[in-house]
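A quick write-up on the structure given underneath.
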Amino acid sequence: MDTTDSIIVYRLSHTCDLSDVREETVYIGKVQGFANFGTFVQLNDRIKGLVHKSNIRTEHRERENILVRVVKIRDNGNIDLSEELIPRYETRVVERSSPAVRLSDLASKKGRTVMIEGEVSQIKQTGGPTIFTIVDESGTENAAAFVEAGVRAYPEVELGDEVRIIGEVMQRNNQLQVEVESMTVLTGTEAETVRNRIETALELRSEPADIPFLVESEVLERLKPAMKQVAKQIRKAVFTAQPIILRHHADADGICSAVAIEQAVVSLIRDSGGDFDADYFLFKRSPSKAPFYEVEDITRDMDFALKDHVRFGQKLPLIVLTDNGSTEEDMPSLRFAKIYGLSILTIDHHHPDTIVDDYLVGHVNPYHQGGDFGITAGMLGTEVARLINPSVEPIVRHLPAVAGTGDRSEAPERQRYIDLVRSEYSDDDLKEMALALDYTQFFLRFNDGRELVKDILNMTGNPERFRALKKLIAEQANDAIEEQMSACMPHVVHRDLANGAHLFLIDVEIHAHKFTFPPPGKTSGEVHDRLCRTYEGKPVVTLGFGPDFAVLRSRGVMMNIPRMVRELRDEIPGGGISGGGHLVVGSIKFVEGMRDTVLEALITKISSAGTGS
Ligand code: MN
């Protein structure tokens, strides 16, 4: 058929709104109803106009097709039409010309049919519909598609696809959701356009705010670019609905760092849309017993992550390590993660080994910028948390003071963080909070104690309960420590070393209570603190040991424990030696049958270390 001379009439697709209607254009409509002044005509489900009776040419019935010309679109949105009689015409469908509705604008479109474009970041099959989590440049929302209860809708749609969805915006259980009418996987340039649009906007949106730190610090200033880079990657993970696993050393410093980051991430997840409980399945905080990412830890993490990936269509996680993650001891786990292509970020103050940086996508460490472990993980984590989400500042600003107290930081930053919260917390408060964290974590074992820990840190807006809880736990912890000290102090053995240091040895296996608080590391630390007070101003090293381990604490002796451990490993074949930690606070493991040989070799190394502060 020759169509060159035929007249074109338009059909509005159902996503079109008023902005797509043009005056002097002819549309195919449907007769909706009659009034005595004229006939109402629908141009699509949402747009209707009126043909005044003077402009009606023929007789009609309801639901009948009718050709109408748009005479005028009035300011109030009313459309004046006139009937057209065209014997021969060609039809063209008008697709919506305005861009897709941004997910952050969905709340204002409830009850309306919209078109959205975005990337599929999760596909969850429920007993009813299939839930697709969609991410665009502005936010995250769910789209529900239903074919049959429990049956996967749109099986061709895969995680990471760019899609165009048409559907109605609904509110379900206080949560927005698009009920899918149609979903198309975009390909070629269309997919690329959407992907680029999301990526460009995400880059901007993930950029952390440029805010000053809570305290003055040259080291922190020099660390700022690394901190912003880490904060940006965490923000990006949140905005793309990528799960985050936060692993931290299970002591007061590590907990403070992780809790600050947890608060920032969880509130950002809630703000950015998606499931109402997204903060629970997209974020997991887990304490690690060792100050490094143990193979046991990553094995558990990968087990859960891979199951969630298969069962709930979740992306593989971003792993964030704090108060651990920067030493050679982390390497077995980092290698494990690399096989799955996982991204790992580290925020740590342990003396770093450069090899880890081949496996990390971001690493904040004061040693990189002329600082040391005195800038604790809790200080770093809290500042990173503020970069991730500045709104958390009021509830996390005291955490660096707790962390610095718990880790006995001697950096000038510690006092500045304490001064920042002086009006709210005394030194004793900070000590009790740090002790209460250690004590509670001992009984929590592998659990995060998400809400309990917040109460201990006065983050739940109940200061009376906080005071009572902190006081009670600290009392119990102190009683337990006193009990332990009364049992073990009489068995401490004193040795004078060649370098003038006082060495104290305590066998915590036979002279301390086992499987209770304080554990061997903390027991040795308490013994050390008491001896440091007795030998005020003198170099002191305390060695608490069991059958196959030793814990080292030192003051005024210039040691490098990680290096000593590596040397012993090479020098004593069959010693089964491993370990590490900070330069002057750390631990070493060995096989039981070689204990005396290892300990004597260790003591020889300590006695040749320089003294002074
Ligand atoms: Mn620490």
Side-chain angles (χ1 to χ4, degrees), residues 217 219-220 223 227 230 246-262 285-294 297 320-330 345-353 356 363-369 371-385 396 398-414 417-418 430-431 433-442 448 453 456-457 518-519 521-522 524-526 528-529 551-555 559-562 579-587:
S217 163
V219 177
L220 285 178
L223 281 171
M227 292 167 93
V230 162
L246 176 57
R247 275 277 178 189
H248 62 92
H249 186 209
D251 70 354
D253 180 45
I255 295 168
C256 286
S257 177
V259 166
I261 296 170
E262 173 181 65
R285 173 169 74 78
S286 291
S288 294
K289 266 165 98 184
F292 55 87
Y293 194 23
E294 285 184 288
D297 298 335
V320 182
L321 304 174
T322 188
D323 206 13
N324 64 18
S326 62
T327 66
E328 215 184 80
E329 279 68 50
D330 296 274
L345 301 171
T346 287
I347 302 162
D348 194 14
H349 68 144
H350 287 87
H351 193 263
D353 295 315
V356 296
H363 185 178
V364 176
N365 196 309
Y367 285 98
H368 291 161
Q369 296 294 344
D372 65 19
F373 64 95
I375 309 237
T376 75
M379 299 174 189
L380 299 168
T382 302
E383 296 293 1
V384 169
V396 302
H398 60 300
L399 299 184
V402 179
T405 302
D407 250 25
R408 299 133 193 247
S409 161
E410 285 171 10
E413 284 81 358
R414 172 186 170 178
Y417 279 113
I418 291 175
L430 297 170
K431 266 187 210 143
M433 286 157 90
L435 180 59
L437 285 180
D438 279 337
Y439 186 72
T440 304
Q441 187 62 59
F442 178 81
D448 63 351
V453 163
I456 293 170
L457 287 170
K522 183 142 184 96
S524 307
E526 286 296 329
H528 178 70
D529 287 349
V551 189
L552 267 155
R553 294 279 192 283
S554 69
R555 183 191 68 188
M559 300 196 296
N560 180 334
I561 295 174
H582 289 294
L583 295 180
V584 296
V585 178
S587 62

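All values derive from a computational prediction rather than experimental measurement. All ligand and atom numbering here is 1-based and tracks the order in the structure.
- Under the side chain to side chain contact (heavy atoms under 4.5 Å, CB included) test applied with Val230, the options Val364, Ile261, Val320, Leu380 reduce to a single match, Val364.
- Using a 4.5 Å heavy-atom cutoff, the side chains of Glu383 and Leu223 are not in contact.
- Residue side and main chain included, His349 places an N/O/S atom under 2.8 Å of the Mn ion (ligand 1).
- Taking the Mn ion (ligand 1) as reference, the nearest N/O/S atom within Asp253 carries the name OD2.
- For the residue pair Asp253 / Thr376, a side-chain donor-acceptor distance below 3.5 Å is found, with atom types taken as modelled.
- Restricting Asp323 to its N, O or S atoms, the one at the least distance from the Mn ion (ligand 1) is OD1.
- Closest approach between the Mn ion (ligand 1) and any N/O/S atom of Asp407 involves OD2.
- The shortest distance between side-chain heavy atoms of Ser409 and His349 does not fall below 4.5 Å.
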